[in-house]
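Notes to accompany the following structure.
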Amino acid sequence: MDAMKRIEFDELRVRVERVLLALELAPERAALSARLTAETDRDGVKTHGVARLPRFARWVREGMINPAAMPERVAEFGAIERWRGNRGPGNLAAYAAMQRAMKIAATHGLGCVALGDTSHWMRAGTFGWQAAEAGFAAMCWTNTLPNLPPWGASTPALGNNPLVVAIPHNACDGSAAPIVLDMAMSQFSYGSLASYATRGVELPVAGGFDAHGKLTRDAKAIEESQRALPIGFWKGSGLSMVLDVLAAMLTGGLATNQLPRDPAKEVGQSQVFLAIAPQSLAAMEELSEIAQRAIDAVHAAEPIEAGNRARYPGEAVLRVRAEAMRLGVAVEDAAWDGFLELEASVSHA
């Protein structure tokens, strides 16, 4: 079993906020970023919450991220806007972009914000949940450095370009229970590969190729070969490319082939945030009924293992979230140790 600690949610949020304040984020921005970070771990995405804060702090200290930089609109036409992130904190720029896309959609039915010159947005799914819990459908994606070989090649030329699709849905008690798909274009994100490698645990299915070109479940071997497996083989390879090209076109920013190849210097990404207002066409009750019928069909499918029914995207998050609020947020020991080191370093700075 993985080594974990349980941290009460508000304690985690407050401690992250103190670290971000020490890194010179303004109080309101530090509070929002801390909440988004704590919610990431609360929802079970352990690779992109507190585990990423030491890297974020290093980027701030090295001047690669400006903690005071604010995103700004640089162009607009109809329901689409182009923004520049100015290499500020990526999760804050992404949150602002999705908020703006929803505001545009509330007027036009659709809203799109293309955000260039930004930085890592941490957990991709954050911005799908942000929209869906507000009653909007959403699509958003980002490009990344070259870390995925095109199908038929052995060296990275594409990014694993995370994609999020979110659909609003209310449970029977009226609470938000959206359908949220959050996936990278590789079978496993590099954050997940690093987590498996650190824990010395095999991947559940093959996730890439080793140095000899053989499919493997060894995460460390995939990290070393830089040959992650695209989802759907050639289909994932193609989807990665079109997401990257469209993001660069809409933002006027960098494409994957222009981003630094060193993960320690990965800033300047291009991202797209699309919000849709389905309630402009139908009542939320009707929309939820449509979603519920699809959910029921998934649950009714004959399970491979008795008692282990198929899940819809985002379903596990709701269970993990409820458990975290009841028992405390589960944080891997390695991630917590890294956070404690960061916390100590900023308190003595």
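The first residue of the sequence shown is numbered 1, and numbering continues consecutively from there.
- Cluster annotation: Tyr312 and Leu181 are assigned to distinct hydrophobic clusters (Ile/Leu/Val/Met/Phe/Trp/Tyr, side-chain heavy-atom contacts under 4.5 Å, transitive).
- Checking each of Arg84, Arg82, Arg87 against Asp117 for a salt bridge (charged side-chain N to carboxylate O under 4.0 Å, His left out) leaves exactly one that passes, namely Arg87.
- Asp43 places no side-chain N or O within donor-acceptor distance of the main-chain N or O of Val317, the cut-off being under 3.5 Å.
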*Determine, stepwise, if the pair Leu145 / Gln269 fulfils side chain to side chain contact (heavy atoms under 4.5 Å, CB included).*
CA-CA 8 Å; Leu145 55 73; Gln269 294 94 327; over 6 Å; no
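- A heavy-atom distance below 4.5 Å is found between the side chains of Arg29 and Met70.
- In this structure a side-chain-to-backbone donor-acceptor pair under 3.5 Å is present from Ser119 to Gly88.
- Relative to the six-membered ring of Phe56, Arg58 misses at least one condition, a distance below 6.0 Å or an angle of at most 45° to the axis.
- Between the NE2 atom in His120 and the CE atom in Met64 there is a gap of 12.0 Å [rounded to 0.5 Å].
- Trp151 is listed as a side-chain neighbour of Leu229, based on a closest heavy-atom distance under 4.5 Å.
- Of all heavy-atom pairs between Lys5 and Trp336, the closest is CD-CD1, 3.4 Å.
- Side-chain N or O atoms of Asp244 include one that pairs as donor or acceptor with a backbone N or O of Thr256 at under 3.5 Å.
- Residues Gly49 and Thr40 approach most closely at N-CG2, 3.6 Å, considering heavy atoms.
- Residues Arg15 and Val19 form no side-chain contact, since every pair of their non-hydrogen atoms from C-beta on lies 4.5 Å or further apart.
- Criterion: ILVMFWY side-chain heavy atoms under 4.5 Å apart, direct or through other members. Under it, Trp141 and Ile179 are not part of a common hydrophobic cluster.
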_What verdict does the side chain to side chain contact (heavy atoms under 4.5 Å, CB included) test give for Glu39 and Thr126, after you've listed the backbone C-alpha separation in whole Å, the side-chain angles of each residue and the deciding distance to 0.1 Å?_
CA-CA 8 Å; Glu39 287 176 350; Thr126 291; 5.6 Å; no
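- Once rounded to the nearest 0.5 Å, the distance linking CG of Leu158 with CG of Leu239 reads 10.5 Å.
- With a 6.0 Å radius and a threshold of 12 heavy atoms from other residues, nucleotides or ligands, Met102 has its CE atom above the threshold.
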*Check step by step if side chain to side chain contact (heavy atoms under 4.5 Å, CB included) holds for Phe339 and Leu53.*
CA-CA 7 Å; Phe339 175 74; Leu53 285 177; 4.0 Å; yes
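- Considering only heavy atoms from C-beta on, Arg52 stays 4.5 Å or farther from Arg123 through its side chain.
- Taking both residues in full, the closest heavy atoms of Ala132 and Pro168 are given as O-CB, 3.7 Å, listed atom of the first, atom of the second, then distance.
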*Could you check Val329 against Arg13 for side chain to side chain contact (heavy atoms under 4.5 Å, CB included), going step by step and ending with a plain yes or no?*
CA-CA 10 Å; Val329 177; Arg13 176 184 56 77; over 6 Å; no
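- Remark: the Thr216 side chain and the Asp210 side chain contain no N/O donor-acceptor pair separated by less than 3.5 Å.
- A donor-acceptor pair is defined here as one N or O able to donate and one able to accept, closer than 3.5 Å; such a pair exists between the side chain of Ser345 and the backbone of Leu342.
- A salt bridge is defined here as a Lys NZ or Arg NE, NH1 or NH2 lying under 4.0 Å from an Asp or Glu carboxylate O, and Glu315 with Arg319 fails to meet this definition.
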*Would Arg293 and Asp296 satisfy salt bridge (Lys or Arg N to Asp or Glu O under 4.0 Å), going step by step from the backbone distance to the final call?*
CA-CA 5 Å; Arg293 285 195 294 271; Asp296 292 343; over 6 Å; no
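- Between the side chain of Ser240 and the backbone N or O of Gly236, no donor-acceptor pair lies under 3.5 Å.
- Of the possible polar contacts, none joining the Ser237 side chain to the Pro150 backbone as a donor-acceptor pair under 3.5 Å is found.
- Taking the six-membered ring where tryptophan is involved, the planes of Phe273 and Trp121 are perpendicular, since the angle between them exceeds 60° and thus also 30°.
- Residues Gln271 and Ala94 approach most closely at OE1-CB, 4.2 Å, considering heavy atoms.
- Using cut-offs of 30° and 60° on the angle between ring planes, the pair Tyr196 and Phe188 is perpendicular.
- At least one side-chain heavy atom of Arg100 sits less than 4.5 Å from a side-chain heavy atom of Trp83.
- To the nearest 0.5 Å, atoms NZ (Lys46) and OG (Ser195) are separated by 8.0 Å.
- Scanning all heavy atoms of the two residues, the minimum distance from Leu25 to Leu92 falls at CD2-CD1, 4.0 Å.
- A single hydrophobic cluster is not seen to contain both Phe77 and Val113; linkage of ILVMFWY side chains at heavy-atom distances under 4.5 Å, directly or through other members, places them apart.
- Inspection of the His169 and Gln292 side chains reveals an N or O donor paired with an N or O acceptor under 3.5 Å.
- Applying the side-chain contact (heavy atoms from CB on, under 4.5 Å) test between Asn143 and each of Leu259, Leu254, Val245, Leu246 identifies Leu259 as the sole match.
- Heavy-atom minimum distance, Leu110 versus Ile104: O-CG2, 3.6 Å.
- Looking at Lys265 and Glu62, their side chains never come closer than 4.5 Å, going by heavy atoms from C-beta outward.
- Contact check for Glu323 versus Arg6: side-chain heavy atoms found under the 4.5 Å cut-off.
- In this structure, CG on Asp41 lies 9.0 Å from CD on Glu332, to the nearest 0.5 angstrom.
- Under the 3.5 Å distance criterion, the side-chain polar atoms of Thr118 are left unmatched by any main-chain donor or acceptor of Gly85.
- In the hydrophobic clustering of ILVMFWY residues, with side-chain heavy atoms under 4.5 Å counting as a link, Phe136 and Leu274 come out apart.
- A donor-acceptor pair under 3.5 Å is absent between the side-chain atoms of Ser33 and the main chain of Ala30, judged by distance alone.
- Note that the CZ atom of Arg42 and the CD1 atom of Ile7 stand 16.0 Å from one another [nearest 0.5 Å].
- Distance alone, capped at 3.5 Å, places no donor-acceptor pair between the Gln187 side chain and the Ala206 backbone.
- A donor-acceptor pair under 3.5 Å links the side-chain atoms of Arg261 to the main chain of Pro156, judged by distance alone.
- Atom OG in Ser175 sits 8.0 Å away from atom CG in Leu318 (nearest 0.5 Å).
- With contacts defined as side-chain heavy-atom distances shorter than 4.5 Å, the pair Arg35/Leu32 qualifies.
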